[in-house]
Amino acid sequence: MANLEPDLEDFHRQLVQSLDLARYGPADVARDFRALFLEDADRGKRVLFMLMTWCGEYDVSPPLDPNELQRWAGKREIAARLKAALYADLNNIEEL
């Protein structure tokens with residue numbers, strides 16, 4: 001019988017080795033994000049919404065605790081990078 005449990009350690013190893021960052025530029029990021037989130041629009045919206053929610057994109061106000069505020073700001077930076085990749089002008093792209 002097949003093992004249906006994911007091998008997360010192997011997945012992580014493959015993930016880390018899947019990309020040569022020296023050869024993967026901002027235009028590549030933008031194209032990949034658009035393909036991932038926009039080609040299957042319904043699924044892409046759901047996945048992107050969850051990522052943006054986890055990044056605090058839809059939080060009404062920042063937390064008052066300084067430690068939580070720093071964490072919140074870091075998550076918001078990730079949300080900003082996701083949006084930058086999706087909205088990048090592929091004709092005139094700079095670092096994301």
Side-chain angles (χ1 to χ4, degrees):
M1 182 173 209
N3 182 2
L4 299 178
E5 292 293 318
D7 182 348
L8 296 180
E9 288 182 27
D10 184 55
F11 176 78
H12 181 71
R13 258 190 311 280
Q14 290 179 33
L15 182 65
V16 169
Q17 297 170 353
S18 69
L19 185 62
D20 178 0
L21 289 175
R23 294 186 173 161
Y24 188 72
D28 299 313
V29 172
R31 279 191 288 275
D32 283 352
F33 274 57
R34 288 176 186 179
L36 181 64
F37 294 119
L38 302 176
E39 285 182 7
D40 181 349
D42 290 335
R43 180 178 295 167
K45 286 177 193 171
R46 290 191 307 265
V47 171
L48 185 57
F49 176 78
M50 286 310 306
L51 288 172
M52 298 301 269
T53 299
W54 293 339
C55 290
E57 178 66 13
Y58 308 113
D59 291 349
V60 177
S61 59
L64 298 176
D65 179 274
N67 294 323
E68 288 298 313
L69 181 61
Q70 185 174 11
R71 184 172 179 250
W72 178 82
K75 292 189 315 181
R76 293 294 298 252
E77 175 64 25
I78 294 168
R81 287 177 178 251
L82 288 168
K83 289 190 294 187
L86 287 169
Y87 292 119
D89 178 359
L90 290 174
N91 296 315
N92 187 19
I93 196 159
E94 297 177 16
E95 280 296 317
L96 298 175

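Both backbone and side-chain heavy atoms feed into the values below; hydrogens, waters and symmetry mates do not.
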Separation of Arg71 CZ from Asp65 CG (nearest 0.5 Å): 11.0 Å
Nearest-0.5 Å distance, CG of residue Leu51 to NZ of residue Lys75: 12.5 Å
Tyr58, OH atom: more than 12 neighbouring heavy atoms under 6.0 Å: yes
Cluster link Tyr87 to Phe49, ILVMFWY, side chain under 4.5 Å: no
Any donor-acceptor pair under 3.5 Å from Arg76 side chain to Gly56 backbone: yes
Shortest non-hydrogen contact between Asp89 and Arg34, atoms and distance: N-NH2, 4.3 Å
From Leu86 atom CG to Arg81 atom CZ, the distance as rounded to the nearest 0.5 Å: 14.0 Å
Within one Ile-Leu-Val-Met-Phe-Trp-Tyr cluster: Val29 and Val47, side-chain cutoff 4.5 Å: yes
Neighbour count above 12 (heavy atom, 6.0 Å) for Gln70 CD: no
Donor-acceptor contact present, side-chain Asp20 to main-chain Ala22, <3.5 Å: yes
Connected via hydrophobic side-chain network under 4.5 Å: Leu19 and Val16: no
Residue pair Tyr24 / Asp32, side-chain heavy-atom distance below 4.5 Å: yes
Set of residues satisfying salt bridge (Lys or Arg N to Asp or Glu O under 4.0 Å) with respect to Asp10, sequence neighbours excluded: Arg13
Whether over 12 other heavy atoms sit under 6.0 Å from Leu15 CG: yes
Shared hydrophobic cluster, Leu82 / Met50 (ILVMFWY, side-chain heavy atoms < 4.5 Å): yes
Common cluster, Val60/Trp72, ILVMFWY with side-chain heavy-atom separation under 4.5 Å: no
Electrostatic pair Glu57:Lys83 at N-O distance under 4.0 angstrom: yes
